[in-house]
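The structure appears below as structure tokens.
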Amino acid sequence: MAGRRAGASDVTRDDGFLISCEHGGNRIPAAYRHLFAGHGAVLRSHRGHDPGALRMARDLAAALAAPLHACTVSRLLIELNRSPRHARLYSEFTRDAGAELRRELIERYYLPYRDAVESRIGAMIHRGLRVVHLSSHSFTPELDGNVRDADIGLLYDPRRGGERALCREWRLALGRHAPGLKVRMNYPYAGTADGFTTYLRRRFPGTDYLGIELEINQRHATAGPAWRALREAVIASLRDALQSGRAEAGAHPS
């Protein structure tokens, strides 16, 4: 599926979509399981992965006919959504495991994943597309005693007009498709905090790349019709937002 640029004056350029999911599972490969012996509970918790994020990512990829890059290795082994020097790149289970093992994790999991996404974005831009990258995540309803007051968060860089316009339209459309849900912008995290999309914005200009993180409250990520309906609303509202962006761009041609 290709759409015109949302919120931009160039109505002749198509959008290309890419979906990613950095925290799609809590798998620990056999070679590293000894590091997590007796810690199955934390691996099953929100710290080990983002429940529901991979299902949402797969649905988005199918709906948009977009490539999907997903990792099912636990973020507690190595955190793919952090920069190489971030304090939480490694968890307490791997931080003190030795420089050789940490280097192995970088080379085996971190670099291949991030390089593959960056290379695909570069190739799409080279083909003349503007890339809309949707990074699928979920957040725990309560963290450190604080209740998260949102059902869905849309994370973006407010300084990038394309990201700002798309998230604005997406939020409005979600209000129509799922009026009972509370949608907040740059919540529960700032869209400019250390993360993969933040890194990619430094690699590609805003005219070529939009990086949006979709955050869904994990209380919704349960089996059943309500969870399915939420995912359908996310996709339907995104389609509306893209259509609104095309209409706005067509109304203000260069």
Evaluate the side-chain contact (heavy atoms from CB on, under 4.5 Å) criterion for residues Leu89 and Arg102: first the C-alpha distance (whole Å), next the side-chain angles of each, then the deciding distance (0.1 Å), finally the verdict.
CA-CA 10 Å; Leu89 179 68; Arg102 293 196 303 272; over 6 Å; no
Same cluster (ILVMFWY, side-chain, under 4.5 Å), [X] and [Y]:
X	Y	result
Leu155	Leu238	no
Ile152	Tyr187	no
Val183	Leu134	yes
Leu210	Val234	yes
Leu54	Leu60	no

For the residue pair Tyr209 and His133, categorise the inter-ring angle as parallel (less than 30°), tilted (30 to 60°) or perpendicular (more than 60°).
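Correct class here is tilted.
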Please check: side-chain N/O of [X] versus main-chain N/O of [Y], any donor-acceptor pairing under 3.5 Å?
X	Y	value
Tyr110	Arg82	yes
Thr198	Ala193	yes
Asp194	Ser83	yes
Thr94	Ser91	yes

Given side chains that start at C-beta, do those of [X] and [Y] come closer than 4.5 Å, heavy atoms only?
X	Y	answer
Tyr109	Pro29	yes
His220	Leu181	yes
Ile216	Arg231	no
Leu77	Phe36	yes
Leu101	Tyr90	no
Arg75	Glu22	no
Asn81	His137	yes
Pro158	Thr192	yes

Between atom [atom1] of [X] and atom [atom2] of [Y], what is the distance when rounded to the nearest 0.5 Å?
X	Y	atom1	atom2	value
Ser244	Glu169	OG	CD	4.5 Å
Leu242	Leu64	CG	CG	7.5 Å
Met185	Tyr156	CE	OH	4.0 Å
Leu76	His23	CG	NE2	9.5 Å
His46	Asp50	NE2	CG	10.0 Å

Would you kindly check if the NZ (Lys) or CZ (Arg) of Arg148 is within the cone defined by 45 degrees around the ring axis of Phe139 and under 6.0 Å from the six-membered ring centre?
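No, cation not above the ring by the 6.0 Å, 45° rule.
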Please check if the number of heavy atoms outside Arg27 that lie under 6.0 Å from its CZ is greater than 12.
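Yes.
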For Arg95, is the CZ atom crowded, meaning more than 12 foreign heavy atoms sit under 6.0 Å from it?
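Result for CZ/Arg95: enclosed.
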Salt bridge flag under 4.0 Å for residues Asp15 and Arg130
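A salt bridge links Asp15 with Arg130.
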Between Glu118 and Arg114, does a side-chain contact (heavy atoms from CB on, under 4.5 Å) hold up when you go through it step by step?
CA-CA 6 Å; Glu118 184 176 347; Arg114 288 174 62 114; over 6 Å; no
What residues form a salt bridge (charged side-chain N to carboxylate O under 4.0 Å, His left out) with Glu163, not counting sequence neighbours?
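Once residues adjacent in sequence are excluded, the partners of Glu163 under the salt bridge (charged side-chain N to carboxylate O under 4.0 Å, His left out) criterion are Arg201.
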Report the C-alpha separation of Glu213 and Tyr189 in whole Å, then their side-chain angles, then the decisive distance to 0.1 Å, and conclude whether the side-chain contact (heavy atoms from CB on, under 4.5 Å) test is met.
CA-CA 10 Å; Glu213 289 189 58; Tyr189 310 104; over 6 Å; no
Can Thr197 and Ile212 be said to form a side-chain contact (heavy atoms from CB on, under 4.5 Å), step by step?
CA-CA 7 Å; Thr197 55; Ile212 310 296; over 6 Å; no
What pairs of residues pass the side-chain hydrogen bond (donor to acceptor under 3.5 Å, both in side chains) test when at least one of them lies in residues 31-43, not counting sequence neighbours?
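Sorted result for residues 31-43: Tyr32-Glu104, Tyr32-Arg108.
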Return the set of residues passing side chain to side chain donor-acceptor pair (under 3.5 Å) with Arg176 (not counting sequence neighbours), or none when no residue passes.
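Listed in chain order: nothing, the list is empty.
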